[in-house]
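The structure under discussion appears below in the form of structure tokens.
Worth knowing before you read on, the calculation uses all heavy atoms, side chains too, and leaves out hydrogens, waters and symmetry mates. Below, chains carry the letters A, B, ... as their sequence lines are ordered, and counting in each starts from 1.
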Amino acid sequence: MHHDCMLLTRLADVSREVAATSARSRKIALLAELFRFAEPDDVPIVIPYLAGRLPQGRLGIGWKVLGRRVDPAAEPTLTVREVDARLTAIGKVTGTGSQAERARLVGELMGAATEGEQRFLIGLITGEVRQGALDALAVEGLAQATGAAGPDVRRAVMLAGSLQTVAQALLADGPQALDRFRLTVGRPVLPMLAHTASSVTEAVEKLGACAVEEKLDGIRVQVHRDGDDVRLYTRTLDDITDRLPELTSAALRLRGERFVLDGEVIAFDERGRPRSFQETAGRVGSRVDVATAARAVPVSPVFFDALSVDGRDLLDLPFAERHAELARLVPEPMRVRRTVVSGPDDVPAAETFLAETLERGHEGVVVKALDAPYSAGRRGAAWLKVKPVHTLDLVVLAAEWGHGRRTGKLSNLHLGARTADGGFAMLGKTFKGMTDAILAWQTERLQELAVESDGYVVTVRPELVVEIAYDGLQKSTRYPAGVALRFARVLRYREDKRPEEADTVETLLAAHPEVRP
DNA sequence: TTCCGACAGTGGGGTCGCAAT
DNA sequence: ATTGCGACCCCACTATCGGAA
């Protein structure tokens with residue numbers, strides 16, 4: 001096999017080909033072919049580039065700079081490592097005059113790139129690669145290129161918490177390198193995620209014997225303890241140890257010496273009721289003056305799973321056994337409240353538990369199959385969340401032109417409720433829940449109602465009523481009513497309703513007494 | 001042949017913290 | 001001091017491919 005540092009042009013060509021095919025099998029084959037030519041050292045750059053990410057994050061370069069035309073190079077000479085080095089240098093430019101200096105360096109880079117390479121670089125820097133292949137297909141391609149089994153590679157990635165690390169090891173040492181990736185205390189694992197079910201009945205019928213657990217509206221946290229050393233990680237594996245000292249103390253008070261636990265961190269008020277998500281998230285996001293933030297908004301851990309205890313990897317054990325380990329280690333007040341049901345005959349008990357959970361101020365429940373292993377990094381069907389859904393009839397005030405596959409379609413709706421003075425107050429936006437048919441229909445209809453456009457937002461006469469589902473209200477400084485919808489999505493248009501029949505701000509606020517704008 | 005799980009894509013609001021104005 | 005912006009938090013939903021049933 002021939003190896004030398006990979007040329008950018010090769011990457012740009014593959015990216016274009018991958019984008020041009022819709023068949024996943026073909027995308028995977030193209031990626032595999034590319035990886036066969038990659039040196040291990042290229043991998044930490046090639047993998048994120050293919051997913052349309054820059055390893056160094058954003059660079060402070062916008063369309064203004066990238067829009068300037070630079071004469072392309074005639075011959076492709078740039079290597080991916082050279083591009084990476086130049087982009088790193090651009091990201092490091094700070095201080096007065098930094099924007100001009102960055103623009104100059106970008107111009108230099110573009111001048112060294114051919115036409116095709118320029119297009120790829122612009123897409124990469126603006127985050128518009130969109131080739132229909134992210135990490136999941138890269139995993140398959142990597143497996144094909146190295147002769148490893150797909151599920152083995154995927155498992156290694158979940159345990160390593162990083163595709164780059166696994167790819168580098170695989171290309172350097174072949175399939176046996178995968179054995180090195182085991183659950184290790186101190187190294188975070190991608191957390192298991194849940195699907196949605198519309199009711200407790202549906203969830204229990206799907207899963208059979210299961211645990212029904214409170215769903216807390218906080219921040220997911222993975223707690224690693226090795227003796228006196230405690231580390232805390234978020235859902236995306238960011239290390240947040242320094243921000244939550246009370247969680248470290250809590251972990252040190254537990255009986256075990258070495259463990260990995262999965263749970264939620266949340267702030268409770270004096271009466272033990274959950275504070276709003278905004279308050280918990282603000283606390284977890286505070287990094288500078290942690291002591292002050294901790295006094296104002298103390299948080300608590302609430303654990304629901306054990307991934308490793310005393311050097312034993314529990315990932316493949318059934319949930320019932322993992323939970324037994326958790327219960328040995330963690331006292332009840334620090335575990336999530338739950339009930340166990342035997343199956344569909346037990347649905348009433350599950351319904352009662354959901355009602356009590358909502359009464360206590362939580363957002364819903366998660367129903368978990370008792371026999372399921374911990375599927376790290378997967379949205380396994382073994383966990384199903386159930387949350388109550390609210391609906392409203394709102395009026396479309398404006399719409400924004402879509403991007404990507406929604407180019408040329410009016411996509412993002414501005415939603416308003418009626419006010420006392422006969423006008424409308426905007427409560428938020430949504431682009432969710434639309435089928436292609438709805439998208440096409442609303443593009444036509446809204447253009448008929450258009451009164452103004454700035455090329456991006458099309459303002460319309462407030463005549464179209466749309467039924468919206470949402471998860472709740474939150475305080476807002478952005479919108480005139482002082483509140484915004486959380487997770488709004490379209491259910492259907494109500495052509496049978498006139499705007500005078502839409503819901504009012506007043507009734508909305510009355511329905512959510514817990515939120516005072 | 002039909003069904004369904006997994007992926008990618010399309011963005012939503014809020015908060016924090018840094019850099020530019 | 002204020003404003004703009006990116007990075008993270010939380011998140012729902014549809015279209016599509018391709019293997020399972």
Side-chain angles (χ1 to χ4, degrees), chain A residues 18-19 21-28 51-52 54 57-62 91 93-99 127-140 150 154 193-196 206 215-221 234-238 240 243 264-266 276-290 293 297 363 375 377-381 385 387 389 400-407 409 411-415 427-439 468-479 483-491:
Chain A
V18 169
T21 175
S22 66
R24 281 190 195 141
S25 43
R26 174 88 184 120
K27 287 178 197 276
I28 290 169
L54 288 172
R58 298 290 117 187
L59 300 172
I61 306 169
V93 178
T94 50
T96 314
S98 62
Q99 281 188 341
E128 310 244 338
V129 169
R130 290 196 185 93
Q131 56 185 20
L134 296 175
D135 285 358
L137 296 200
V139 163
E140 293 301 321
R154 183 154 53 201
L193 305 173
H195 272 297
T196 304
K206 266 191 185 158
K215 186 175 192 314
L216 307 182
D217 198 5
I219 307 281
R220 187 80 173 263
V221 68
T234 65
R235 190 162 97 85
T236 48
L237 310 189
D238 263 16
I240 53 168
R243 302 184 213 169
E264 193 88 359
V265 54
I266 185 167
S276 72
F277 172 74
Q278 283 166 301
E279 290 175 284
T280 296
R283 165 61 209 283
V284 176
S286 297
R287 280 162 285 183
V288 173
D289 188 355
V290 170
V297 186
E363 63 169 340
S375 315
R378 320 211 55 188
R379 211 169 270 286
K385 56 185 163 186
K387 294 191 283 186
V389 174
E400 296 172 14
W401 292 107
H403 298 85
R405 70 182 296 280
R406 291 191 177 188
T407 301
K409 296 284 191 299
S411 171
N412 201 3
L413 303 179
H414 295 199
L415 304 167
L427 294 171
K429 308 180 190 179
T430 186
F431 56 89
K432 297 175 179 136
M434 296 150 187
T435 60
D436 286 2
I438 291 179
L439 223 40
I468 296 293
Y470 66 105
D471 278 17
L473 284 191
Q474 54 192 349
K475 277 188 211 165
S476 173
T477 54
R478 174 183 316 221
Y479 292 112
V483 293
L485 301 175
R486 198 168 175 206
F487 309 137
R489 60 266 189 192
V490 170
L491 291 178

So which nucleotide does C:dA7 pair with, by the Watson-Crick or G-U wobble rule with both distances under 3.5 Å? B:dT15
Which is more 5' along DNA chain C, the nucleotide nearest A:Thr435 or the one nearest A:Thr236? Just name the residue. A:Thr236
Rounded to whole Å, the CZ-C1' distance (A:Arg243 to C:dC8) equals 8 Å
So, is A:Thr477 close to the B:dG14 phosphate, meaning a side-chain N or O under 4.0 Å from OP1 or OP2? no
Between A:Gln278 and B:dG14, does any side-chain N or O lie under 4.0 Å from OP1 or OP2? no
I need the CD1-P distance between A:Ile438 and B:dG11, as an integer number of Å. 16 Å
Under 4.0 Å between any heavy atoms, over every strand shown, what does A:Asp217 touch: base, sugar-phosphate, or nothing? Just pick one. nothing
Report yes if some heavy atom in the side chain of A:Arg486 is under 4.5 Å from a heavy atom in the side chain of A:Asp217; otherwise report no. yes
Return whichever of A:Gly433 or A:Val284 has its heavy-atom-nearest nucleotide of DNA chain C closer to the 5' end. A:Val284
Any side-chain N or O of A:Ser411 less than 4.0 Å from the OP1 or OP2 oxygen of B:dG11? yes
So A:Lys206, base contact, sugar-phosphate only, or nothing? Heavy-atom distance under 4.0 Å. nothing
Nearest-Å distance, NZ (A:Lys429) to P (B:dT10)? 17 Å
What nucleotide among C:dG18, B:dG12, C:dC9 has an atom nearest to a side-chain atom of A:Arg24? C:dG18
Has A:Lys385 got a side-chain N or O lying under 4.0 Å from the OP1 or OP2 atom of C:dA12? yes
Residue-phosphate contact under 4.0 Å: A:His403 side-chain N/O, B:dG9 OP1/OP2: no
Select one nucleotide: of B:dA6, B:dG11, C:dC10, the one nearest the side-chain heavy atoms of A:Lys432. B:dG11
Using whole Å, report how far CG of A:Asp238 lies from P of C:dG6. 18 Å
Of the options C:dC9, B:dC16, B:dG12, whose atoms approach the side-chain atoms of A:Arg287 most closely? B:dC16
For the pair A:Arg406 (side chain) and A:Phe431 (backbone), establish whether a donor and an acceptor sit closer than 3.5 Å, ignoring hydrogens and angles. yes
Taking CD from A:Glu400 and P from B:dG11, how many angstroms apart are they, rounded to a whole number? 9 Å
Considering heavy-atom distances to DNA chain B, does A:Leu137 or A:Val288 have its closest nucleotide positioned more toward the 5' end? A:Leu137
Side-chain N,O (A:Ser25) to OP1/OP2 (C:dC17) below 4.0 Å: no
Below 3.5 Å, does any donor atom in the side chain of A:Arg405 face an acceptor in the base of B:dT10, or the other way round? no
Examine C:dC9: is either OP1 or OP2 under 4.0 Å from a nitrogen or oxygen in the side chain of A:Thr234? Give yes or no. yes
Measuring to OP1 and OP2 of B:dG12, would you say a side-chain N or O of A:Arg486 lies under 4.0 angstrom away? no
Looking only at side-chain N and O atoms, does A:Arg489 come under 4.0 Å of OP1 or OP2 in B:dT10? no
Could you tell me how far apart A:Glu140 (CD) and B:dA8 (P) are, to the nearest whole angstrom? 10 Å
Using the side-chain heavy atoms of A:Arg235, tell me which of these nucleotides is nearest: C:dA12, C:dA15, C:dC10. C:dC10
Quick check against the 3.5 Å criterion: does A:Glu400 have a side-chain atom that pairs as donor or acceptor with the backbone of A:Asn412? no
Rounding to an integer number of Å, can you tell me how far A:Leu413 CG sits from C:dC13 C1'? 14 Å
Under 4.0 Å from OP1 or OP2 of C:dC11: is there any side-chain N or O of A:Lys215 that close? yes
Heavy atoms only, 4.0 Å cut-off, all strands: where does A:Ala469 land among base, sugar-phosphate and nothing? nothing
Keeping A:Arg283 on the side-chain end and A:Ile266 on the backbone end, is there a donor-acceptor pair under 3.5 Å? no
Toward the 5' end of DNA chain B, by each residue's nearest nucleotide, A:Gly428 or A:Ala136: A:Ala136
Hey, could you give me the CG/CZ distance between A:Asp471 and A:Arg489, rounded to the nearest 0.5 Å? 4.5 Å
Please determine whether a side-chain nitrogen or oxygen atom of A:Lys27 lies at a distance below 4.0 Å from atom OP1 or OP2 of B:dC7. no
For the OH atom of A:Tyr470 and the NZ atom of A:Lys432, what is their distance to the nearest 0.5 Å? 15.0 Å
Which of C:dC11, B:dT10, B:dC16 is nearest the side chain of A:Glu363? It is C:dC11
A side-chain contact here means heavy atoms from C-beta on lying under 4.5 Å apart; do A:Arg235 and A:Leu193 qualify? yes
Between CZ of A:Arg478 and C1' of C:dT3 the distance, given in whole Å, is 14 Å
